[in-house]
Amino acid sequence: GMELAKTQPANLSVGTRYCVGSSGLFSQGACTGANLGIFKREALIEGTSCGTLKKVTVTVSWSDSKCTTAFCQKVIETSCI
């Protein structure tokens, strides 16, 4: 997700959450379910803590046998682009 955000920073609006599909398309709004196999990949664009750059937080979530709720496992990556 982060590598995709880095290729199109001008197209991403600050203060917006995007669902990042398997094709790499950023769709405004939160994902309603898995959008990349068993994974849910979302990006949040923020603008205040990176100077003139945009702060991007990509979260990849999934469910496994340890989950009691959907998408309880996650990895979060944050960068300024």
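When reading the values below, keep in mind they use all heavy atoms of this one structure, side chains included, and skip hydrogens, waters and symmetry mates.
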Report yes if the side chains of [X] and [Y] come closer than 4.5 Å at any heavy-atom pair, otherwise no.
| X | Y | value |
| --- | --- | --- |
| Ser13 | Tyr18 | yes |
| Val56 | Ser79 | no |
| Val20 | Val58 | no |

Approximate separation, where rounding is to 0.5 Å, of [X] [atom1] and [Y] [atom2]:
| X | Y | atom1 | atom2 | value |
| --- | --- | --- | --- | --- |
| Arg17 | Ser27 | CZ | OG | 14.0 Å |
| Ser61 | Asn35 | OG | CG | 9.5 Å |
| Ile38 | Asp64 | CD1 | CG | 8.0 Å |
| Lys55 | Ile45 | NZ | CD1 | 11.5 Å |
| Phe26 | Asn11 | CZ | CG | 9.5 Å |
| Lys40 | Cys19 | NZ | SG | 8.5 Å |

Worksheet item: Do any N or O atoms from the side chain of Glu42 and from the backbone of Cys31 form a donor-acceptor pair under 3.5 angstrom?
Response: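 At least one qualifying donor-acceptor pair exists.
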Discussion item. Applying a strict under-4.5 Å side-chain criterion to I, L, V, M, F, W and Y, I'd like to know whether Phe71 and Val75 cluster together.
Written reply: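 Each belongs to a different hydrophobic cluster.
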Non-hydrogen atoms of [X] and [Y] that approach each other most closely:
| X | Y | result |
| --- | --- | --- |
| Ile81 | Ala5 | CD1-O, 3.4 Å |
| Met2 | Glu77 | CE-O, 3.5 Å |
| Cys80 | Leu53 | CB-CD1, 4.0 Å |

